[in-house]
Protein chains: 2
Amino acid sequence: MRAVDVIMKKRDGGALSHDEIRFFVDGVTSGAWPDYQASALLMAIVLRGMTPDETARLTDAMVHSGIRVDLSRVPGLKVDKHSTGGVGDKTSLILAPVAAACGVPVPMMSGRGLGHTGGTLDKLEAIPGFRVGLSLEEFTAALVKTGCGMIGQTSQIAPADKKLYALRDVTGTVESIPLISASIMSKKIAEGIDALVLDVKTGSGAFMKTEADSRMLAQSLVSIGNASGVKTVALITDMESPLGRAVGNANEVAECIEVLRGGGPADLIEVTLELTKRVLVLGKVATSLEDAGRLAQQAISSGRALERFGQIIDMQGGDPRVIDDLSRLPHVDTQEIITAPRDGFLTRVDAELVGRASVQLGAGRDRVEDAVDFGVGIMVLAKPGAAVRRGDPIVEIFYRDRERLERARALLHQAIAVGDAPPPARRLILDEVH
Amino acid sequence: MRAVDVIMKKRDGGALSHDEIRFFVDGVTSGAWPDYQASALLMAIVLRGMTPDETARLTDAMVHSGIRVDLSRVPGLKVDKHSTGGVGDKTSLILAPVAAACGVPVPMMSGRGLGHTGGTLDKLEAIPGFRVGLSLEEFTAALVKTGCGMIGQTSQIAPADKKLYALRDVTGTVESIPLISASIMSKKIAEGIDALVLDVKTGSGAFMKTEADSRMLAQSLVSIGNASGVKTVALITDMESPLGRAVGNANEVAECIEVLRGGGPADLIEVTLELTKRVLVLGKVATSLEDAGRLAQQAISSGRALERFGQIIDMQGGDPRVIDDLSRLPHVDTQEIITAPRDGFLTRVDAELVGRASVQLGAGRDRVEDAVDFGVGIMVLAKPGAAVRRGDPIVEIFYRDRERLERARALLHQAIAVGDAPPPARRLILDEVH
């Protein structure tokens with residue numbers, strides 16, 4: 001088999017066979033396929049597409065480029081939740097302790113923030129001492145002990161994805177539903193989970209800007225998961241505005257603790273609860289969504305979920321006292337408020353621009369190698385639809401550096417808009433795919 | 001400017017600006033664009049296409065990656081002829097001495113055979129002593145003295161094309177009219193010519209298999225040439241069957257000498273004459289095609305063209321006595337004849353398969369680095385349409401090695417077909433584009 005023949009087949013719109021896809025993925029992993037041939041094939045895939053069968057085979061080949069984690073030591077059905085990425089998207093830090101407290105083990109391999117979207121690993125590291133770099137041994141031990149392990153992707157998981165993603169990033173071949181699907185699902189399948197709940201974000205702050213694209217991606221992801229024996233469901237949820245109030249790292253952890261204490265913003269509670277309910281049903285500790293909702297509510301109202309979060313933090317080296325004392329989280333005192341420029345209704349708090357402002361403050365990164373400042377961030381004080389008067393506080397900025405503040409402020413001024421009438425109401429949960 | 005942004009623009013179907021194309025071509029030439037980015041853009045160009053404007057800009061940038069040869073020392077309008085490649089396609093070796101004898105200088109930079117198509121450089125090197133590796137100084141001197149110089153592409157001519165072609169060859173990005181056009185025309189424009197006659201082949205043995213594709217390529221080439229100040233016309237000519245009788249190297253030279261002596265096969269004479277007439281008109285030594293035809297015929301019938309061929313050979317270090325004594329050309333004595341399997345009409349002598357048989361004998365090459373055996377080759381003794389009787393000779397094989405003979409014979413058996421009725425007549429000259 002020759003690489004150039006595989007490339008030409010896809011260039012001409014053909015469907016690649018199992019052997020051809022395996023040849024490509026193995027070649028990328030071993031280095032037998034030079035980057036210039038891999039990138040030519042990637043571009044042909046972006047422009048010619050892949051059938052669901054091809055995408056499933058690509059995912060499978062990427063899983064097999066590394067190990068599939070053996071979690072048989074962990075009793076029960078293991079269920080993970082994965083989001084395609086958003087702004088203020090912190091549901092994992094609530095969902096994981098709630099599900100664990102309800103008896104569903106949650107093995108979670110997450111990523112770091114990049115561009116305007118935040119990442120679970122950065123948020124966890126805002127907790128003093130928290131280690132996300134556990135070995136697979138420690139990861140399994142944490143799952144057995146606390147029902148949860150939260151780590152980064154190890155080099156043994158889908159190494160082909162790591163190589164391909166680095167190449168896609170510099171060759172304009174990121175935007176492809178088959179390639180995105182295989183990248184996400186290969187890592188999730190290799191985690192060793194039994195079931196998966198996906199949160200496919202849609203809107204300004206999401207990777208997929210339209211509901212139609214988000215639905216296509218959700219369908220692709222769900223069909224791959226189910227075909228690979230990982231029972232998968234997806235919710236399509238709104239990412240036009242940031243989720244909850246906090247955008248940053250330590251402030252997002254604080255907001256999660258607030259929700260685990262029984263408080264917190266309604267939109268964050270709603271999205272987290274809908275995702276958690278599906279985790280509990282797939283984990284077979286609840287027989288229906290209603291049942292699951294009751295279980296989750298009880299775990300929070302009883303304080304068991306918050307307590308479990310403390311145990312999870314403790315198990316991974318973090319300071320568990322943060323759950324009782326938010327002042328133990330990093331924070332900055334210097335702040336500035338952006339106010340409503342006029343009377344009216346808040347019509348927009350644009351998620352992407354808020355996310356980019358957060359990066360400017362230092363809470364996120366534009367390049368993989370950049371460091372993150374855990375203490376800075378943004379609090380969104382008013383949500384689209386709110387009636388506001390001129391001078392009302394809309395966004396609060398916590399900054400460390402005045403130059404960075406200037407850049408963030410400019411973006412935030414663009415992000416918000418006040419009009420004469422309230423904007424059309426947006427649903428938070430747009431659809432469910434399974 | 002970032003390479004990834006240029007790639008994404010083309011991926012999304014945009015037209016690249018002059019600056020973006022220049023950035024790409026300069027980056028490929030200098031190495032600033034890594035191969036994996038160049039190949040991603042090439043694939044996007046193959047699948048998204050380029051406008052005529054973009055193709056002209058790409059050609060221009062490729063010309064400027066090297067030097068444009070200064071032929072101002074050579075008096076008269078310099079006219080080259082270029083073929084897109086075929087089997088038995090030896091017109092250059094007749095056209096150049098005829099045009100030179102008629103007063104039109106012909107600066108010709110040619111290529112080597114690759115795959116089933118032959119190359120002018122290999123044919124010339126079949127003449128003992130002939131040097132195709134002249135310096136540009138020697139090339140100009142040859143043009144001044146004999147009105148003709150026949151060399152290979154030097155490293156100073158369109159170096160970007162050399163790099164891009166090597167990459168296209170291994171990334172499935174050869175088949176693209178804009179990329180093919182820019183590759184051909186950048187080299188021709190850089191030659192320093194005033195006008196160009198193109199022979200765009202169509203059919204089984206051609207790069208373009210259909211007349212529609214050949215016409216598109218011809219239009220693209222002609223429009224680039226004319227936009228760059230090189231007056232360009234193209235003939236679209238048949239390449240379903242080999243041109244003339246000889247396919248190989250030394251045997252093709254012998255056939256050219258036969259034509260220059262006033263003999264030779266009718267199809268070869270017709271195509272060569274039509275191309276030559278256009279060279280003479282563009283070179284302004286003839287006022288009409290009729291006038292040009294008379295001039296060319298006289299150059300041959302008077303013996304001046306043959307004599308000029310001897311001078312050209314002599315000037316480039318070859319043995320000019322070959323024009324009087326064909327036995328001075330390399331040859332092999334071992335031969336075998338393939339005969340008609342039944343009575344009927346010869347319906348097919350497939351150019352591509354004959355070309356591949358010739359490669360098997362050693363007269364061509366599958367890889368750039370392979371050596372060529374000048375003495376072996378094939379003589380096509382009967383043309384499609386001929387009435388044949390069982391046992392009549394159709395193809396004569398001159399071979400050096402029995403194993404190679406076996407492989408060539410198998411291909412030649414596939415190449416020929418005898419039917420009950422003559423095939424539909426094919427025109428040799430299908431169209432003219434200017």
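A, B, ... follow the sequence lines: proteins, then strands. Residue 1 opens every chain.
For residues 202-209 of chain A, a heavy-atom distance under 4.5 Å to chain B picks out no residue at all. Proximity to chain B at a heavy-atom threshold of 4.5 Å picks out A/L167, A/D169, A/V170, A/T171, A/G172, A/T173, A/E175 from residues 166-179 of chain A, in numerical order. Inspection of non-hydrogen atoms places A/D35, A/Y36, A/Q37, A/S39, A/A40, A/M43, A/A44, A/V46, A/L47 of residues 28-47 of chain A under 4.5 Å from chain B.
Per-residue counts of heavy-atom pairs under 4.5 Å with chain A were compared for B/M8, B/K9, B/K10, B/R11; the largest is that of B/R11.
In this structure B/R348 satisfies the salt bridge (charged side-chain N to carboxylate O under 4.0 Å, His left out) test together with B/D350, sequence neighbours excluded.
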